[in-house]
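Data block below; observations after.
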2 protein chains.
Amino acid sequence: MVREITDIARTHLAREGAAGLSLRAIAREMGMASSAIHRYFPTKDDLLTALIIDGYTALGEAAEASQRAGDPPAERWLALCHAVRDFAVARPHEYALLYGSPVPGYQAPADTVAPALRTTLVCGRIISDARPTPPDLAPPPPAAIGPDIEAIRAVMPGVSDDAVTRAVTAWTALFGAVSFELFGQFDNTITHRREFFDHGMRSLARYLGL
Amino acid sequence: MVREITDIARTHLAREGAAGLSLRAIAREMGMASSAIHRYFPTKDDLLTALIIDGYTALGEAAEASQRAGDPPAERWLALCHAVRDFAVARPHEYALLYGSPVPGYQAPADTVAPALRTTLVCGRIISDARPTPPDLAPPPPAAIGPDIEAIRAVMPGVSDDAVTRAVTAWTALFGAVSFELFGQFDNTITHRREFFDHGMRSLARYLGL
DNA sequence: CAGAAAAGAGAGCAGTGCTCTTGACGAGCG
DNA sequence: CGCTCGTCAAGAGCACTGCTCTCTTTTCTG
C-alpha cells in the first residue's frame, strides 16, 4: 500500500516535479478518498521524506554499481561521476529533490542522512584506496578547519589533510556541474554536455592526484 | 506600485521561501483586493521573474563591487568567491531561486539571461586578465567540445582551451560549494563553513593557475 | 462468534492562483 | 459642456490544495 503510493508519487514527481505533487491526485489515481491517504502518510512531508530516502538509496546503489574493484582510482572516480550524472539526467526531478533547493517548510529528518551518506562513501573509498599525494603546492589548511577535516577523514581513512580538502572541493564540483546542467545554467552555452562533463571530471581527477 | 509589490514579495521570500510566496498575502499586506494585484503581475511566474532578475542583478553588483583593479588574480578570484557566498548566506532563499532547482512549471524567460551573465563576466575578466598557463598535464579537450569552448571564450578572450575548461570546472565548484552549504549537505559535517570554503577556493585558485 | 482495531468515506475548513464581471474615476475629444 | 473610453480596483466565483473530524465499513483476533 505504502509502496503503491510512493510508486504513483514517483511517476507524478517525474512528470511534474516536486511542487506538482498532490496527495489528492495520488488518492484519485488509486480510487481512494483523499482523506484515506493520510493514514499512510500523515503529511505531505512524510511522503517527501520517503521519496528522498528512496532517491538517495537508488543513487547510492548506482554509485556502488559503477565501481569495479580492480580499476585504477582515476577510472573509478570517473565512473562514479558518470553514475551520478546519469542518475540526474534520467530522473531530474528526483535529483532536484535530493540536491536542489530544499522544499520550503520541509525539514529533512535524521532518517535521510544515512542513505545520503552512501554515495559519499563510494567517493571516500576511492580516495582512501588511492591515498593520493597531490603533486603541487597547495596552501596548508588553516587550523580552524582541522576538526572538520578530521570528521571527514572518517569516510576516507588514511588520507592526508590536503587530499581530504581537495576531495571535498572536487565533490562539490561534481554536484555543481550536474546541478548547473540540470537547472539550466548551461543553456545556450554548452551543447555537448556529456563530453564537457567527462572532460571536467578527468581534469578534477588530476587535481585530486589520482 | 510594481516596486512596492516586489519589495513586499522579497520580504516574504526572505521569510518563507519561494513556495511560501502568495499573491493574495501580498495584496492583503497592501490593503488591496487579491484580484487587483494581477493587473501588475498577471501571473505568479511574472512576479518570480521579476524577483529573479533583481536577484541576478544584486548578485552581479556584489560580484563587481568585490573587484579591485590592481589586485592580483588569485585575490580577485577569492574576493569573487566570497562575494557569491556572502550573498547566498545573507539571502538564502533568493540564492535558491537563482541557482537551486527551478520552480516547477516555471520557464525562465530570455530576460533573465543577461543579468545572470553579469556575475559570470566578472569571473571571465579575472581569468582573461591573468591568462593563466596552468602548471601541469591536463588531458587535451576532446574535439567535440571545441565549439563549446569557443563560445565560452567569448567571456574570457585570449585564454587557452585548457584554462577555459578549468575555469568552468572551478566555476561549478564554487556554486557547488555554496549550494551544498546552503542546502544542508554540510550539516553535521562541516562546522567552520567560511574557513573551509575559503580554503577550498584558494585551492581552486591554484588549480586555475592563478 | 463477538468485540476490538484498523481502514476507508465524506463533509468541511482555510488557503491558493486565476478569471470574469462590475463599478468608480479621470483624460481626451466632438 | 457632455460623452466616450481606457485605467484601476473590487467582489464573487471556480477549481484546486493539505489537513481534520466524524462516521461507517471491513478485517483481524481472542
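Numbered from 1 within each chain, the chains take letters A, B, ... in sequence-line order. Since the model is a prediction, treat every value here as computed from it, not as a measurement.
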- Item | Set of residues satisfying side-chain hydrogen bond (donor to acceptor under 3.5 Å, both in side chains) with respect to A/T169, sequence neighbours excluded |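 Expected list: none.
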
- CD1-CG distance between A/I8 and A/L13, expressed to the nearest 0.5 angstrom: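 CG of A/L13 is found 13.5 Å from CD1 of A/I8.
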
- Task: To the nearest 0.5 angstrom, please state how far the OG atom of A/S66 sits from the CD atom of A/E75.
- Result: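 Spacing of OG (A/S66) from CD (A/E75) equals 11.5 Å.
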
- Message: So, using ring pair (Phe, Tyr, Trp, His ring centres under 6.0 Å) as the criterion, who are the partners of B/F175 when residues are at least two apart?
- Response: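 Partners of B/F175 by the ring pair (Phe, Tyr, Trp, His ring centres under 6.0 Å) criterion, ordered by chain and then number, come out as A/F180, B/Y99, B/W171.
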
- Which nucleotide of DNA chain C is the first, and which the last, in the 5' to 3' direction, to come under 4.0 Å of a heavy atom belonging to chain A?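 Nucleotide range in contact with chain A: C/dA7 to C/dG12.
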
- Just by protein heavy atoms under 4.0 Å, how would nucleotides 18-23 of chain D read 5' to 3' in B, S and -? BBB---

- Query: A/L47 CG to D/dT17 P: how many Å, rounded?
  - Reply: 14 Å

Is there any protein nitrogen or oxygen under 3.5 Å from a nitrogen or oxygen in nucleotides 24-27 of chain D, and what are the pairs?
none

Just jot down the salt bridge (charged side-chain N to carboxylate O under 4.0 Å, His left out) partners of [X], sequence neighbours excluded, or say none.
| X | value |
| --- | --- |
| A/R24 | none |
| A/E150 | A/R153 |
| B/R10 | B/D7, B/D54 |

When the side chains of residues 27-42 of chain A are checked against the rest of the protein, which donor-acceptor pairs come out under 3.5 Å, sequence neighbours left out?
residue	atom	partner	partner atom	Å
A/E29	OE1	A/H12	NE2	2.7
A/H38	ND1	A/P42	O	3.1

- Message: Assess the residue pair B/D129 and B/R125 against the criterion (salt bridge (Lys or Arg N to Asp or Glu O under 4.0 Å)); give the C-alpha distance rounded to whole Å, side-chain angles, the decisive distance to 0.1 Å, and a yes or no.
- Response: CA-CA 6 Å; B/D129 287 354; B/R125 220 166 305 142; over 6 Å; no

- Pairwise 5' ranking along DNA chain D for B/Y40 and A/R28, keeping only the more 5' one: B/Y40

Side-chain donor-acceptor pairs of residues 108-123 of chain B under 3.5 Å, sequence neighbours excluded:
residue	atom	partner	partner atom	Å
B/T112	OG1	B/P109	O	2.9
B/R118	NE	B/E64	OE2	2.9
B/R118	NH2	B/E64	OE1	3.2

- Sequence neighbours left out, what passes side-chain contact (heavy atoms from CB on, under 4.5 Å) with A/A130? Give chain and number order.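 For A/A130, the residues satisfying side-chain contact (heavy atoms from CB on, under 4.5 Å) (neighbours in sequence not counted) are A/P73, A/P132, A/L210.
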
- Item | Nucleic acid contacts of residues 1-15 of chain A, taken as heavy-atom distances under 4.0 Å to DNA chain D |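 Within this stretch, nothing sits under 4.0 Å of the strand.
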
- Query: Run the side-chain hydrogen bond (donor to acceptor under 3.5 Å, both in side chains) check on A/S203 and B/Y207 step by step: do they pass?
  - Reply: CA-CA 10 Å; A/S203 172; B/Y207 167 75; 2.4 Å; yes

- May I ask you to decide whether B/R194 forms a salt bridge with B/D198, counting only side-chain N to carboxylate O separations under 4.0 Å?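 Judged by the 4.0 Å cut-off on N to carboxylate O distance, B/R194 and B/D198 do not form a salt bridge.
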
